[in-house]
Amino acid sequence: MYSDGETLENDCMGCMKCELGKTRTNLVFGVGKKDAEVLFIGEGPGENEDLQGEPFVGRGGKLLDKYLQAIDLDRKKNIYIANMVKCRPPKNRDPKPEEQDECIFWLREQVRIMRPKIIVCLGRISAQRIISPDFKVTKQHGEFFEKNSTLMMGTFHPAALLRNPNQKPAALEDFMALKEKIIEVCERTY
Ligand code: URA
């Protein structure tokens with residue numbers, strides 16, 4: 001267990017606990033306000049993220065930034081964005097269960113130190129790991145669940161929205177609901 005985020009990040013940056021460490025260009029620890037009240041969790045770095053060392057910097061990331069902007073959130077100012085796994089799986093395959101099992105330690109420590117009031121899971125992989133194993137994004141997106149006194153919500157992954165633009169209005173509604181929840185429970189975000 002870590003007592004400060006800086007040591008945690010430093011140790012994580014050198015992680016070689018699974019195979020993904022051998023093929024990464026950069027480990028993607030996360031981006032944003034270190035003591036944010038709202039934490040977004042994606043699946044894992046893709047090619048652009050691996051090259052730049054920052055989550056959601058490709059096409060999906062640009063779309064995510066638009067949704068964030070729509071509710072006055074900004075990765076540089078008032079939220080934090082991290083991923084389930086910190087290193088890019090080769091050819092963007094799904095992270096293997098054993099890779100997720102090793103890597104979740106770092107995310108758990110990030111959450112323990114940050115103590116966010118709200119966690120937003122981007123897509124099925126993170127929602128099923130963090131909210132509930134049978135989470136169905138199409139059915140349960142936008143619903144808030146309370147777990148360990150933290151509110152959690154799952155919504156569409158930005159890459160899924162690029163593939164299925166018909167889901168964009170529903171995603172925007174989820175972000176609107178998120179804004180209301182932030183106003184209700186957060187003190188320092190807006
Ligand atoms: N998809 C994710 O889930 N995370 C990223 O950082 C980029 C793409």
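Side-chain atoms are counted along with the backbone in the values below, which use heavy atoms only and exclude waters and symmetry mates. Order of listing sets the numbers, starting from 1, for every ligand and every atom in it.
Heavy atoms of other residues, nucleotides or ligands lying less than 6.0 angstrom from CD of Glu6 number 12 at most.
Between Lys136 and Asp134 there is no salt bridge, since none of the side-chain N atoms of the basic residue sits less than 4.0 Å from a carboxylate O of the acidic one. In summary, Glu54 and Arg75 engage in a salt bridge, as defined by a charged side-chain N under 4.0 Å from a carboxylate O. With respect to Asp72 and Lys77, no salt bridge is recorded, no charged nitrogen being found less than 4.0 Å from a carboxylate O.
Contact annotation: Glu54 has no heavy atom less than 4.0 Å from any atom of ligand 1. Under the 4.0 angstrom criterion for non-hydrogen atoms, Gly60 is not in contact with ligand 1.
In this pair, Phe40 and Phe175 present their aromatic rings parallel. The plane angle is below 30°, not in the 30 to 60° band. Under the 30°/60° scheme for interplanar angles, the aromatic rings of Phe145 and Phe135 are found to stand perpendicular.
Counting atoms of ligand 1 from 1 in the listed order, those under 4.0 Å from a heavy atom of His157 are 1 (N), 2 (C), 3 (O). In summary, the atoms of ligand 1 found under 4.0 Å from a heavy atom of Gly42, numbered by their order in the structure, are 3 (O). Counting atoms of ligand 1 from 1 in the listed order, those under 4.0 Å from a heavy atom of Glu43 are 2 (C), 3 (O). Remark: ligand 1 atoms within the under-4.0 Å shell around heavy atoms of Pro55 are 6 (O).
Between Gly46 and ligand 1, a contact under 3.5 Å exists for no N or O pair.
Scanning the protein for heavy atoms near atom 5 (C) of ligand 1, the closest one is Gly44 O, 3.4 Å. Protein heavy atom in closest approach to atom 4 (N) of ligand 1: Asn83 OD1, 2.8 Å.
Inspection of the Asn78 and Thr189 side chains reveals no N or O donor paired with an N or O acceptor under 3.5 Å.
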